[in-house]
Amino acid sequence: MLCENVFPDASTIALLLRAAASVSGNKLGDAFHCQIVKLGFEFNLFLQTGLLNFYAKVGNLESAKRVFVEMPERDSVVHNVMISALGKQGYASDARKLFDEMPERSSFSWNSMISCYCRLGDIENARSVFDCNPLKDVITWNTMIDGYCKLGQLTLAKKLFDHMGCAKNTVTWNTMITGYVQCREFRTAISTFHEMQAQHVRPDEVTMISLLSASAHLGALDMGNWIHAYIRRRNFKIDVVLGNALIDMFSKCGCIDAALDVFYGLPKKNVFCWNSIIVGLATYGYGREVINTFIDMQTAGVKPDGVTFVGLLSGCSHSGLISEGRQYFSQMFTVYGVEPGLEHYGCMVDLLGKAGFLEEALDLVKAMPMAPNTIVLGSLLHACQVRKDAKLTEQVAEHLLDMDPRDGGNYVFLSNFYASVNRWHDVEKCRKLMVEKGVQKTPGCSSIEVDNVVHEFVAGDSSHPQFSQIKLFLDDIGKKLISLGHQVDMTPVLHDVDEEEKESAVRYHSERLAVAFGLMCTPPGKPIRVVKNLRACSDCHAAIKLISKLFERDIIVRDRSRFHHFRDGSCSCQDYW
DNA sequence: TTAGGGTTAG
């Protein structure tokens, strides 16, 4: 336009500013600023508001402030833009000062102020502005509900949600569903979605993303498949966020091929998408594919981050790729500029320890620039047990107890160790200590989805309505297993009880209850998918291998760290876990 | 000019 000597007018400049705000950085705004001066336009409210909007949107607070201060007159909209810009960058007191000075406040002003406090986690101030607000609209309620959700205060969020002064929209439902997902209440998230459907509120892409995340955590493949079909039916655009949620859901539900299909079908992939597929491949023990995908990621010009290296290193660990793991760990900062964190040391201790390089793992822990946490020491402890190094096991386990006396898992580690060397007196001491401190062992919990319902089984809990049938079925399986040569391994049992009791404690472990339920309730030949919150126990691992042969079923168990795909008497982990 | 979104070691 300028080349042809046709000069833009003020409104053209304002339109261009608006377009620039959504696509570009600060330089363009400065260029327009210069043009406005050069072309001799008067700085009226219209142009100044356009400029202010531009700077606010691209986050250039200094320039926004400059334009704001220079404005001869400021209307309510200008104030709102400024309050919102200040709020987004955490300047609550500056925003509040402007808010208090306003002669007339619109609902935009109130909402921006509440949102500003919520963003900072200052829920008391957010609530007091909310309570004073005479112009509450649906955005006001949504903002406040989200503020509680982000702090994990779900009860307060739900209270507002249930007593809203106006009709709920899609965002309201999404806020509540996402809140449940972020607080790991996945089943409530899904039941809230069913309520949303019952109220005939139309879900959108954001609803799907939260639901996919919930399904991924629960390993609820039927739900995940339903969402995938729904996304297609509604013709939702699969962008990087929705695409990533689908990749993660399929990979966490045991369908890595479907995850790969989504991944390769995405026209654009960001670091989240690459990370999800790398982490996914790692949990299946596909170490070579992890490394190849990492190489492809660099070819695609996407810079790896800390999460990428968690996937890469844990992939090497699950596949026993020791030298590759060592190499990538040593290069992660020097070559890729990613500082190793606690989680990367954790992967390395696991990788080295599992492979039997106990001294190297121990040296790495000693050389860590930060204090090791319970996960790192837990990996070390596991390594000590693999190597049957009793002295070091005891040292590490006691150190763990000192570090976190409220984590029940640590007592179990120590107690299991004492039990394995028949030190029953110490086992008893450990148990007493747990009772004294009111510590409870995290119960083993396994879930399985049957006909769209996620069934949960907790070790030692017989509340499932079909428990007695499952128990009878398991007893029957147990006999068959023994006839196939299965020898019950009771090392994972904590208590100092007689052999028979120990055996029954193992026999009713949560993963076995879930597998038995799956065998009872699904048609022959259908793969059984189970998700467990802890590591699979060694006896269950051996038993499920035999069950897969006995019943001719693929059994896919996702435990705390990886997938075990049991088929025809063996497991995809090749007993390296 | 105001509200809701995804990946992380055992």
Side-chain angles (χ1 to χ4, degrees), chain A residues 49 52-53 56-57 75-85 87-88 106-116 118 135 137-147 149-150 169-179 181-182 204-213 216 239-249 251-252 270-280 282-283 305-311 313-315 317-318 341-351 353-354 373-383 409 413 533-535 559-562 577:
Chain A
T49 309
L52 179 64
N53 264 326
K57 208 152 196 177
D75 62 7
S76 159
V77 172
V78 171
H79 274 89
N80 294 342
V81 173
M82 204 59 222
I83 289 170
S84 164
K88 278 186 182 141
S106 66
S107 59
F108 284 91
S109 335
W110 288 95
N111 294 342
S112 298
M113 201 59 240
I114 296 167
S115 161
C116 167
C118 284
L135 306 167
D137 57 16
V138 67
I139 294 178
T140 323
W141 290 91
N142 294 348
T143 309
M144 198 65 224
I145 291 169
D146 186 54
C149 284
K150 289 270 149 65
N169 62 11
T170 302
V171 177
T172 320
W173 287 94
N174 289 348
T175 305
M176 206 60 230
I177 292 170
T178 306
V181 172
Q182 285 163 349
D204 65 4
E205 287 88 340
V206 178
T207 327
M208 296 302 119
I209 289 157
S210 293
L211 285 178
L212 282 169
S213 174
D239 65 0
V240 284
V241 185
L242 188 51
N244 176 57
L246 278 167
I247 294 166
D248 186 50
M249 181 279 292
S251 90
K252 285 208 170 69
N270 68 3
V271 65
F272 278 77
C273 308
W274 286 96
N275 287 349
S276 289
I277 201 72
I278 285 175
V279 169
T283 56
D305 64 8
V307 181
T308 321
F309 280 93
V310 167
L313 298 176
S314 71
S317 171
H318 292 314
L342 205 46
E343 60 277 33
H344 305 107
Y345 282 95
C347 292
M348 285 310 287
V349 169
D350 183 58
L351 177 140
K354 247 183 351 206
N373 64 0
T374 52
I375 301 177
V376 172
L377 290 184
S379 299
L380 189 60
L381 190 57
H382 182 69
F413 269 134
N533 65 337
L534 308 171
R535 273 178 84 102
D559 78 0
R560 198 165 189 148
S561 72
R562 61 165 297 153
W577 52 291

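Every chain is numbered from 1 and lettered A, B, ... according to where its sequence line falls, protein lines coming before strand lines.
Side chain of A:V206, nearest nucleotide from B:dG5, B:dG10, B:dA3: B:dG5. The side chain of A:F272 lies closest to B:dG6 when the candidates are B:dG6, B:dT2, B:dA9. When the nucleotides B:dG10, B:dA3, B:dT7 are ranked by their closest atom to the side chain of A:H318, B:dG10 comes out on top. Among the nucleotides B:dA3, B:dG5, B:dT2, the one closest to the side chain of A:F108 is B:dT2. You'll find that the side chain of A:V310 is closest to B:dA9, out of B:dA9, B:dG5, B:dA3. Between B:dA9, B:dG10, B:dA3, one nucleotide has an atom nearer to the side chain of A:V376 than all others, and that is B:dA9. For A:N53, taking side-chain heavy atoms from C-beta onward, the closest of the listed nucleotides B:dT1, B:dT8, B:dA3 is B:dT1. Across B:dT2, B:dA3, B:dG6, the shortest atom-to-atom separation from the side chain of A:T178 is found for B:dG6. Comparing B:dG6, B:dA9, B:dT2 by their closest approach to the side chain of A:S213 singles out B:dG6. Closest contact between the side chain of A:S210 and the listed nucleotides B:dT1, B:dT7, B:dG5 involves B:dG5.
A:R535 comes within 4.0 angstrom of the backbone, heavy atoms only, and of no base. Among the heavy atoms of the strands lying under 4.0 Å from A:D239 is at least one base atom, whether or not backbone atoms are also near. When heavy atoms are screened at a 4.0 angstrom cut-off, A:V349 is found touching no nucleic acid atom at all. A:K354 comes within contact range of no nucleotide atom at all, as no heavy-atom separation falls under 4.0 Å. Residue A:L342 is classed as a base contact, given a heavy-atom separation below 4.0 Å to a base. At the heavy-atom level, A:N373 lies under 4.0 Å from base atoms of the strands shown. If you check every strand for non-hydrogen atoms under 4.0 Å, A:S317 touches nothing.
Here the straight-line distance linking atom CG of A:N111 with atom CG of A:N80 works out to 9.5 Å at 0.5 Å rounding. We find the CD1-CG distance between A:I375 and A:L380 to be 14.0 Å, quoted to the nearest 0.5 Å.
Here the side chains of A:S317 and A:C347 are not in contact, with every heavy-atom distance at 4.5 Å or above. Counting heavy atoms from C-beta on, the side chains of A:V376 and A:N373 come closer than 4.5 Å.
As rounded to whole Å, 10 Å separates atom C1' of B:dT8 from atom CD1 of A:I375. Here the P atom of nucleotide B:dT7 and the CD1 atom of A:I278 are 16 Å apart, to the nearest Å. For the pair A:M82 CE and B:dT1 P, the computed distance is 15 Å after rounding to whole Å. Here B:dT2 presents its P atom at 15 Å from CE of A:M113, a figure rounded to the nearest Å. At whole-Å resolution of the value, CG in A:L52 and P in B:dT2 are 12 Å apart. The nearest whole Å value for the distance from the CG atom in A:L377 to the P atom in B:dA9 is 17 Å. Residue A:H344 contributes atom NE2, which lies 12 Å from atom C1' of B:dT7 at whole-angstrom precision. One atom, CG of A:D305, and another, P of B:dA9, lie 13 Å apart when rounded to the nearest Å.
A donor-acceptor pair under 3.5 Å is formed between the side chain of A:H344 and the backbone N or O of A:G306.
For B:dA3, neither phosphate oxygen OP1 nor OP2 lies less than 4.0 angstrom from any side-chain nitrogen or oxygen of A:K150. Taking only side-chain nitrogens and oxygens, A:K57 never comes nearer than 4.0 Å to OP1 or OP2 of B:dT2. Under 4.0 angstrom from either OP1 or OP2 of B:dT2 there lies at least one side-chain N or O belonging to A:K88.
Remark: A:T172 engages A:N142, A:N169 in a side-chain hydrogen bond (donor to acceptor under 3.5 Å, both in side chains) (not counting sequence neighbours).
One cannot find a donor-acceptor pair under 3.5 Å joining the base of B:dA3 and the side-chain atoms of A:D137. A:D559 contributes no side-chain N or O that forms a donor-acceptor pair with the base of B:dG10 under 3.5 Å.
Nearest approach of A:S210 to A:T178, heavy atoms of both residues: OG-OG1, 2.8 Å.
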